[in-house]
Amino acid sequence: MTDKKPKNVFKQGAIASEFIGESIAKHQSKTSIGAHNIFLGQVRADVVDGKPISAIEYTAYEDMANTKFHDIREAAFEKFNLTCMHIYHSLGIVKAGEICLFVFVSSPRRKEVFKALEYIVEEIKAQVPVFGKEIFEDDTHQWKKNT
Amino acid sequence: MTDKKPKNVFKQGAIASEFIGESIAKHQSKTSIGAHNIFLGQVRADVVDGKPISAIEYTAYEDMANTKFHDIREAAFEKFNLTCMHIYHSLGIVKAGEICLFVFVSSPRRKEVFKALEYIVEEIKAQVPVFGKEIFEDDTHQWKKNT
Amino acid sequence: MNINIKYFGLLAEVTQQEAETINFEGKLVSELLDVLQSKYPALKNKDFKVAQNQELVSINTEITGQEIAILPPFSGG
Amino acid sequence: MNINIKYFGLLAEVTQQEAETINFEGKLVSELLDVLQSKYPALKNKDFKVAQNQELVSINTEITGQEIAILPPFSGG
């Protein structure tokens with residue numbers, strides 16, 4: 001199913017593991033699905049100049065970001081044989097070890113979900129105006145760069 | 001981390017969504033992880049000659065299967081930069097819509113998890129002696145064939 | 001020598017058992033399969049692989065193991 | 001004309017604000033950037049993209065929109 005209007009992909013704070021479990025449970029009534037593939041982005045406690053990152057604070061150009069998420073979604077449904085797709089991204093503070101990105105695709109066939117999930121995640125990293133401020137334990141910060 | 005001895009990958013019956021959520025939660029203390037990728041195989045209610053499949057009953061040559069799962073695990077750790085890997089496969093009855101395979105890989109970097117997960121799932125399909133009996137609502141059956 | 005043979009999936013249906021012990025005096029996997037296919041003619045039309053000591057082997061392999069498994073196409077996941 | 005300018009991430013730090021309205025009499029994105037870089041000299045050394053009406057545009061694009069966003073490198077996920 002594709003939605004015609006951009007919906008809000010952002011969630012305030014970290015994405016809870018229970019929420020992910022419940023999302024999986026909701027798909028068990030869809031018996032045409034044979035394969036799910038889930039990507040989770042987790043905040044790493046990278047050490048920079050001896051100081052570990054304790055959290056990332058995410059901000060976004062929200063309207064443009066939701067439009068881009070929508071475009072990525074539509075393009076993925078166009079390219080791949082998908083039954084469902086869900087994307088959630090955090091805004092605000094997400095601590096090291098917590099989850100900041102949850103992408104969930106489902107299809108009758110496994111080959112489709114592998115291709116689709118990698119496509120969607122790479123598109124999100126490249127196309128969506130979200131900005132991560134990496135905060136150290138001493139309250140200094142640096143701006144996250146995607147590689 | 002790699003284990004030196006094959007462990008039992010099989011679980012009796014379907015894999016619960018709560019179990020998956022809890023597995024994700026357990027990884028939040030591992031703050032070197034930046035990306036998780038999860039594959040879930042779900043039993044499809046395919047219709048054959050007008051009859052829908054209501055469940056799959058899985059059997060396996062268990063000792064050989066656990067050895068093969070172990071070999072796949074070791075090979076994946078060798079090939080890819082992974083922090084963790086978990087594989088669970090159902091035995092016995094799994095109803096349409098329920099989950100029969102759960103593969104979970106984690107790494108500092110996303111590129112690694114995409115390559116690793118697809119490798120592991122394809123290897124499981126090709127190398128592990130597990131057999132699915134597709135059961136129709138009228139209690140007739142046919143033997144599952146992987147494509 | 002006595003060999004333990006295990007049958008799985010469709011092949012356990014065809015042979016109507018999951019395991020049996022047979023006395024085998026030959027040398028190669030192919031000879032053992034001749035014996036089994038005489039005993040269970042329906043095996044001839046089936047697609048299967050043979051594992052010896054949990055490793056797949058070709059029909060030209062010498063039988064050295066005590067445990068032989070007759071495996072239909074794998075269909076996990 | 002009046003243009004609403006939004007700044008994000010590092011660029012909001014550099015300009016010390018998240019949004020402002022400026023009166024702009026030029027035509028191209030490049031001319032607007034000249035104005036902003038005069039106002040905020042630290043912008044000159046920064047890597048950023050410009051979005052007009054939520055689409056990325058090049059510096060040779062004509063300004064037609066009321067909302068321009070100055071965006072540092074994306075770092076979602």
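In the text below, chain A, chain B and the rest are named by the order of the sequence lines, each starting its count at 1. Any value given below was found using the heavy atoms of this structure, including those in side chains, with hydrogens, waters and symmetry copies removed.
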Enquirer: Strictly under 6.0 Å, is that where the ring centroids of B:His141 and B:Phe136 end up?
Expert: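 So the answer is no for these two rings.
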
Enquirer: Counting only heavy atoms closer than 4.5 Å, note whether B:Tyr61 contacts chain C via side chain, backbone, both or neither.
Expert: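 For B:Tyr61, backbone and side chain are both near chain C.
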
Enquirer: Among the options B:Ser90, B:Pro129, B:Ala60, pick out the one with the most heavy-atom pairs lying under 4.5 Å from chain C.
Expert: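 Between B:Ser90, B:Pro129, B:Ala60, the count favours B:Pro129.
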
Enquirer: Measure B:Gln127 against the heavy atoms of chain C and call it side chain, backbone, both or neither at under 4.5 Å.
Expert: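 Backbone only.
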
Enquirer: Which one wins on heavy-atom pair count under 4.5 Å against chain C: B:Lys145, B:Lys125, B:Glu57?
Expert: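 The residue among B:Lys145, B:Lys125, B:Glu57 with the greatest pair count is B:Lys125.
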
Enquirer: Is C:Pro72 close to chain B through its backbone or its side chain, or both, or neither, when contacts mean heavy atoms under 4.5 Å?
Expert: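 C:Pro72 touches chain B through backbone and side-chain heavy atoms alike.
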
Enquirer: Could you have a look at B:Leu101, B:Asn146, B:Thr59 and say which one has the most heavy-atom pairs with chain C under 4.5 angstrom?
Expert: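 Top count of heavy-atom pairs under 4.5 Å with chain C: B:Asn146.
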
Enquirer: Does the ring centre of B:Tyr88 sit less than 6.0 Å away from the ring centre of B:Phe10?
Expert: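 No, they do not, as the ring centres are separated by 6.0 Å or more.
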
Enquirer: Please say whether more than 12 non-hydrogen atoms of neighbouring residues, nucleotides or ligands are located less than 6.0 Å from CD in C:Glu20.
Expert: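 Yes - once you tally the heavy atoms of other residues, nucleotides and ligands closer than 6.0 Å, there are more than 12.
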
Enquirer: State, yes or no, whether a side-chain contact exists between C:Ile68 and C:Leu32 at a heavy-atom distance under 4.5 Å.
Expert: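 A side-chain contact exists here, since the closest heavy-atom pair is under 4.5 Å.
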
Enquirer: What residue in B:Ile124, B:Asp63, B:Thr67 has the most heavy-atom pairs under 4.5 Å with chain C?
Expert: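 Highest number of pairs under 4.5 Å: B:Asp63.
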
Enquirer: Assess the pair B:His27 and B:Phe104: is the distance between their ring centroids shorter than 6.0 Å?
Expert: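 Between B:His27 and B:Phe104, the centre distance is under 6.0 Å.
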
Enquirer: Taking the basic N atoms (NZ, or NE/NH1/NH2) and the acidic carboxylate oxygens, is any pair closer than 4.0 Å for B:Lys51 and B:Glu134?
Expert: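 Salt bridge flag = no for B:Glu134 with B:Lys51.
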
Enquirer: What part of B:Ala65 gets closer than 4.5 Å to chain C, counting heavy atoms only: side chain, backbone, both or neither?
Expert: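 Neither; nothing under 4.5 Å.
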
